[in-house]
There are 2 protein chains.
Amino acid sequence: MPDAAAATDDALVSTFGRLLEAAARLERRLGTALEAETGVPHVWFEVLVRLARSERGMLPMGELAGQITLTSGGVTRLVDRMDAAGLVTRQACATDRRVSYAAITDAGRAKLAEAVGVHATNLRTVFDGFSDRELAVLDRLLDRLRGAPLPA
Amino acid sequence: MPDAAAATDDALVSTFGRLLEAAARLERRLGTALEAETGVPHVWFEVLVRLARSERGMLPMGELAGQITLTSGGVTRLVDRMDAAGLVTRQACATDRRVSYAAITDAGRAKLAEAVGVHATNLRTVFDGFSDRELAVLDRLLDRLRGAPLPA
DNA sequence: GCCGGATGGTTGATCAATCAATAATTGACG
DNA sequence: CGTCAATTATTGATTGATCAACCATCCGGC
């Protein structure tokens with residue numbers, strides 16, 4: 001077996017590959033399901049969740065970008081679209097005129113409530129065989145991974 | 001606490017959010033690191049790994065698309081670019097003239113060997129605090145997730 | 001053998017994200 | 001105070017992925 005093939009069996013590379021593959025596959029599948037059933041793309045859902053969870057239902061654009069792992073430029077236009085759809089609005093910040101808040105609207109909260117129901121149902125199918133204990137373990141591992149030290 | 005906020009705390013929704021967030025963040029960070037150090041974008045790396053692992057170093061386009069979670073159209077152009085870079089070639093299938101194989105080249109194997117080293121090193125930083133036992137548990141959970149039953 | 005439906009891959013059009021450059025504002029320091 | 005580096009969001013240009021339409025090929029039933 002040539003070196004390259006042996007090296008690709010590096011355990012960490014495999015583990016990381018598994019992580020990305022599982023995430024990509026599930027996001028695709030559940031994302032299209034969610035959008036088909038509610039009209040809300042999965043990214044929109046993520047935005048709504050973050051905003052709804054936040055103080056006063058709003059977050060600065062940059063903070064939102066960080067939370068959903070997008071560029072600030074990307075979020076600018078994403079919020080444009082969601083604004084056009086009536087699910088969020090922009091709000092000026094009183095104390096720092098550079099920052100612009102994205103704020104969830106009532107329509108946004110309503111849509112979110114609907115979408116959460118659908119999404120949770122779909123997720124129950126996916127996590128069918130998982131015990132509470134296993135889910136807790138998974139949560140813990142993922143949290144550690146999320147905050148893992150990154151290479152220089 | 002309003003209903004929407006309570007509902008967004010649905011445990012499975014959170015778990016799924018964690019999974020996607022961890023994957024997105026790490027892929028972005030490690031992907032830019034890999035590309036900066038080797039010139040190979042992370043998708044290319046994934047392609048090279050799959051091809052190198054496969055029988056005769058080649059896979060039908062569609063099979064490759066499935067493995068890296070892309071559309072067949074997406075893979076067509078991805079392979080175009082990697083072909084232009086000399087890392088893969090297309091090979092006709094002898095028994096079915098519809099199928100086209102993507103095959104890793106020697107240059108591709110060389111680049112992969114280099115990239116695996118870099119990537120593995122970076123991954124060691126990320127998985128620093130994880131024991132072998134924990135990694136095994138994670139692997140197992142991710143595998144089950146990858147093959148999880150999907151909603152209709 | 002041949003026809004009709006399925007399968008595999010490519011292509012054109014479109015959409016959305018990134019990157020780099022820009023504009024506006026803030027805060028710190030001389 | 002006034003200047004300058006740093007921060008925040010937006011915009012234009014480009015890249016890459018999707019979707020749908022398409023072409024070629026294969027295979028099962030007649």
Side-chain angles (χ1 to χ4, degrees), chain A residues 20-21 23-25 27-36 39-47 51 58-85 87-103, chain B residues 20-21 23-25 27-36 39-47 51 58-85 87-103:
Chain A
L20 297 193
E21 191 181 330
R25 238 197 255 306
E27 170 160 38
R28 173 173 307 234
R29 193 63 182 75
L30 294 175
T32 59
L34 182 64
E35 181 159 12
V40 175
H42 183 256
V43 209
W44 290 29
F45 179 79
E46 285 295 332
V47 170
L51 294 181
M58 54 175 65
L59 282 176
M61 301 293 284
E63 175 59 26
L64 182 57
Q67 290 200 20
I68 62 177
T69 321
L70 276 189
T71 300
S72 71
V75 169
T76 292
R77 294 193 247 260
L78 174 56
V79 168
D80 284 347
R81 296 191 296 273
M82 296 183 66
D83 187 359
L87 303 181
V88 303
T89 15
R90 270 173 232 259
Q91 288 240 307
C93 173
T95 69
D96 185 339
R97 297 223 295 257
R98 288 169 304 180
V99 345
S100 174
Y101 285 97
Chain B
L20 296 193
E21 192 182 328
R25 237 199 257 306
E27 171 161 36
R28 173 173 307 236
R29 192 65 180 75
L30 294 175
T32 60
L34 182 64
E35 181 161 11
V40 175
H42 184 257
V43 209
W44 289 29
F45 179 79
E46 285 295 333
V47 169
L51 294 181
M58 52 175 67
L59 283 175
M61 300 294 284
E63 175 59 26
L64 181 58
Q67 289 199 20
I68 61 178
T69 322
L70 275 189
T71 301
S72 69
V75 169
T76 292
R77 296 197 245 264
L78 174 56
V79 168
D80 284 346
R81 295 192 295 275
M82 295 183 66
D83 186 359
L87 303 181
V88 304
T89 13
R90 269 172 232 260
Q91 288 240 306
C93 174
T95 69
D96 185 340
R97 295 223 296 255
R98 288 169 304 177
V99 345
S100 175
Y101 285 97

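Proteins get letters first, then strands, A, B, ... in listed order; numbering begins at 1 in each. Predicted model, so just to flag it, every value in this text is computed and none were measured.
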Checklist entry - Can you name the residues that form a salt bridge (charged side-chain N to carboxylate O under 4.0 Å, His left out) with A:E21, not counting sequence neighbours? => result A:R25, B:R50, B:R146
Checklist outcome for this item: The correct set of residues in residues 69-81 of chain A placing a heavy atom under 4.0 Å from DNA chain D is A:S72, A:G73, A:T76, A:R77
Checklist entry - Which residue pairs pass the salt bridge (charged side-chain N to carboxylate O under 4.0 Å, His left out) test when at least one of the two sits in residues 60-82 of chain A, sequence neighbours left out? => result A:D80-A:R90
Checklist entry - Can you list the steps and then say if A:L78 with A:I68 is a side chain to side chain contact (heavy atoms under 4.5 Å, CB included)? => result CA-CA 11 Å; A:L78 174 56; A:I68 62 177; 3.9 Å; yes
Starting at atom [atom1] of [X], determine the distance to atom [atom2] of [N], rounded to an integer number of angstrom.
| X | N | atom1 | atom2 | value |
| --- | --- | --- | --- | --- |
| A:E46 | C:dA17 | CD | C1' | 17 Å |
| B:D83 | C:dG9 | CG | P | 15 Å |
| A:W44 | C:dC15 | CH2 | P | 13 Å |

Next on the checklist: When you compare the side chains of A:H42 and A:E27, does any donor N or O come within less than 3.5 Å of an acceptor on the partner?
Outcome noted: yes
Next on the checklist: Rounded to the nearest 0.5 Å, what separates atom CG in A:L51 from atom CD in A:E46?
Outcome noted: 11.0 Å
Non-hydrogen side-chain atoms of [X] and [Y] separated by less than 4.5 Å:
| X | Y | answer |
| --- | --- | --- |
| B:V40 | B:E35 | no |
| B:M61 | B:V99 | no |
| B:L64 | B:Y101 | no |

Next on the checklist: With heavy atoms of chain B within less than 4.0 Å as the criterion, where does contact along DNA chain D begin and end?
Outcome noted: D:dG16 to D:dC26
Next on the checklist: Can you list everything that forms a side-chain contact (heavy atoms from CB on, under 4.5 Å) with B:A65? Sequence neighbours excluded, please.
Outcome noted: B:V75
Checklist entry - Of all heavy-atom pairs between A:G39 and A:P41, which one has the smallest distance, and what is that distance? => result O-CD, 3.5 Å
Every protein N/O lying under 3.5 Å from an N/O of nucleotides 6-8 of chain C:
{"from": "C:dT7", "atom 1": "O2", "to": "B:R98", "atom 2": "NH1", "distance (Å)": "2.8"}

